[in-house]
Amino acid sequence: MPFFWPSGTFRDINRANTDFFLQLCSLNFQVRPHAGEISCLEMKFPAAIIARTLGGIIEGDANAEVSSFAKIEEAARGDLSFLANPKYFHYIYTTEASVVLVRKDFEVDKPVKPTLIRVDDPYASLALLLDMAAKAMRPVPTGVETPSFVDESVELPEGVYVGAFAYVGQGVRLGRNVKIYPQTYIGHGCEIGDDTIIYPGVKIYPGCKVGCRCVLHSGVVLGADGFGFAPDEQGVYHKIQQIGIAELGDDVELGANTTVDRATMGRTFVDHGAKLDNLIQIAHNVEVGHDTVMAAQVGVAGSTKIGANCVIGGQTGFAGHIRVGDGTSIGAQSGISNNVAPGSRLMGYPAVPATEFARNTVYVKRLGQLFKSVDDLRKSIAELKEKIN
């Protein structure tokens, strides 16, 4: 299951330090053409600057420089890595990384080569550095490329970008710094909030709403018709018109080829801060609570309400018209067919409490041995009966 850092973690790190780091990024970038590539961006930072940015404690060479990120088992000189999972602790003695982020209470049994930066949470600290590096490296396009179509009724605020072959329909409202990449379709009457990024090939059907700072990856379809059909007396299915909308709150991210259907009436709604992986299906009139995360290939049937701060493993399926309480965790490939109480931890199909699932798994592994024991008992009983008779 993917890692998700706690809400608010970034806010705990000094804002002035992160601004300082971003300024240094802009000063340290160099454009170096490579064969077969337009360019490559490279930066180098000493451990001291990274530690200052993160509020960490240096142990080792404060001047050790890094220019890239790598997993601890694959890192080379000049790489920055991190260590949080105990399964990887032994790599601290063999890694070639120049700098490694570790917890403040991390202990070593013998000297290590890399410089250590001790922080409260290596995962969150790494995520912050990656986020800042990505922002500094990412080009910031503006303006309208041609050929593309932007209806004359659409206002283009400061910083808006519309890529080639994109279509922006009548009455669309765009916020500041919205980035609409090539081959995107935005139907009439849509609303897109400030600083939202819409990657190539996204389709947003008419009337849908997207909040601020959202990210929609390639292939996302927002607002296609919900799966609504009614059979007549002859068993012929007739379409039920879907006249609602699909809406995303602020800071929502949708992975590649994820679909959020429009409501039959009202809205299908993904609340602020929710993160949905690739290839997820959200059916009509579903509600997904704030800061809920879903791994790939989850399917949510119509009118189901999923609470806030839930963590849902890949390939989990939800029946329609059920409620899942806040703070629920669900393991991969689970099947949810009934209401779920807040704070539940479920796994399996049909889903049961995670501890029960683990216990049942052990029992299943022992079935072969159990059958053999039963067969042995039957033979013993049969032999005893023969002796008695």
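On a predicted model such as this, the values are computed, not experimentally measured, just so you know. Index from 1, following the sequence.
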Fill in: Residues Asp195 and Arg213 bridged, charged N to O under 4.0 Å
no
Worksheet entry | Non-hydrogen side-chain atoms of Leu129 and Leu101 separated by less than 4.5 Å | yes
Worksheet entry | Charged N-O contact under 4.0 Å between Asp376 and Lys372 | yes
Worksheet item: At what distance, to the nearest 0.5 angstrom, does CE of Met347 lie from OG of Ser329?
Response: 11.5 Å
Practice prompt. Using modelled atom types only, decide if a donor and an acceptor are shared between the side chain of Thr268 and the backbone of Asn285 within a distance under 3.5 Å.
Written response: yes
Worksheet, complete the sentence: Nearest heavy-atom contact between Ser334 and Gly348 is OG-N, 3.0 Å
Worksheet item: Is there side-chain contact between Glu96 and Arg77, with at least one heavy-atom pair below 4.5 Å?
Response: no
Discussion item. Less than 4.5 Å apart, side chain to side chain, heavy atoms only: is that true for Leu248 and Asp271?
Written reply: no
Discussion item. Would you call the rings of Tyr199 and His217 parallel, tilted or perpendicular, taking 30° and 60° as the class edges?
Written reply: parallel
Worksheet item: What are the two closest heavy atoms between Cys214 and Gly211, and how far apart are they?
Response: SG-O, 3.6 Å
Discussion item. For Glu158, is there an ion pair with Arg176 - N to carboxylate O distance below 4.0 angstrom?
Written reply: no
Worksheet item: What distance separates Ser81 OG from Tyr88 OH, expressed to the nearest 0.5 Å?
Response: 10.5 Å
Worksheet item: Considering the options Ile92, Leu80, Val112, which one meets the side chain to side chain contact (heavy atoms under 4.5 Å, CB included) requirement together with Val100?
Response: Ile92
Practice prompt. Using only heavy-atom distances, determine whether the side chains of Ser153 and Gln170 contain a donor-acceptor pair under 3.5 Å.
Written response: no
Worksheet entry | NZ/NE/NH1/NH2 to OD/OE distance under 4.0 Å, Lys104 and Asp120 | yes
Worksheet entry | Non-hydrogen side-chain atoms of Val374 and Phe371 separated by less than 4.5 Å | no
Worksheet entry | Salt bridge flag under 4.0 Å for residues Lys275 and Glu253 | no
Worksheet item: How about Phe89 and Tyr91: are their ring centres within less than 6.0 Å of each other?
Response: no
Worksheet item: Which heavy atom in Asp277 sits nearest to a heavy atom in Thr258, and how many Å separate them?
Response: O-OG1, 2.6 Å
Worksheet item: Within 45° of the six-membered ring axis of Phe106 and under 6.0 Å from that ring's centre, is NZ or CZ of Arg103 located there?
Response: no
Fill in: Distance in Å, Ile204 CD1 paired with Cys190 SG, rounded so as to fall on 0.5 Å steps
6.0 Å
Discussion item. I'd like to know if the side chain of Ser125 reaches the main chain of Leu54, judged simply by a donor and an acceptor atom lying under 3.5 Å from each other, with no hydrogens or angles considered.
Written reply: no
Worksheet item: In terms of ring plane angle, is the pair His290 and His272 parallel, tilted or perpendicular, where the classes change at 30° and 60°?
Response: parallel
Discussion item. What I'd like to find out is whether the side chain of Cys208 reaches to under 4.5 Å of the side chain of Arg262, using heavy atoms alone.
Written reply: yes
Practice prompt. Would you check, one step at a time, whether the test side-chain hydrogen bond (donor to acceptor under 3.5 Å, both in side chains) holds for Asp261 with Gln281?
Written response: CA-CA 8 Å; Asp261 290 345; Gln281 158 66 8; 3.1 Å; yes
Fill in: NZ/Lys179: more than 12 non-hydrogen atoms of other groups inside 6.0 Å
yes
Item to complete: Mind checking the CD1-CD1 spacing from Ile192 to Ile186? Nearest 0.5 Å is all I need.
Response: 4.5 Å
Discussion item. Can a side-chain donor-acceptor contact be found between Glu145 and Tyr161 if the only test is distance below 3.5 angstrom?
Written reply: yes
Worksheet item: Less than 4.5 Å apart, any side-chain heavy atom of Asn338 and any of Ile322?
Response: no
Worksheet item: Is Val99 close to Asp79 at the side-chain level, that is, under 4.5 Å between some pair of heavy atoms?
Response: no
Fill in: Separation of His284 NE2 from Phe227 CZ (nearest 0.5 Å)
9.5 Å
Practice prompt. Verify whether the ring centers belonging to Phe69 and Phe82 lie closer than 6.0 Å.
Written response: no
Fill in: Min side-chain heavy-atom separation Thr328-Ile312 under 4.5 Å
no
Practice prompt. Without swapping roles, check the side chain of Thr95 against the backbone of Ala97 for a donor-acceptor pair under 3.5 Å.
Written response: yes
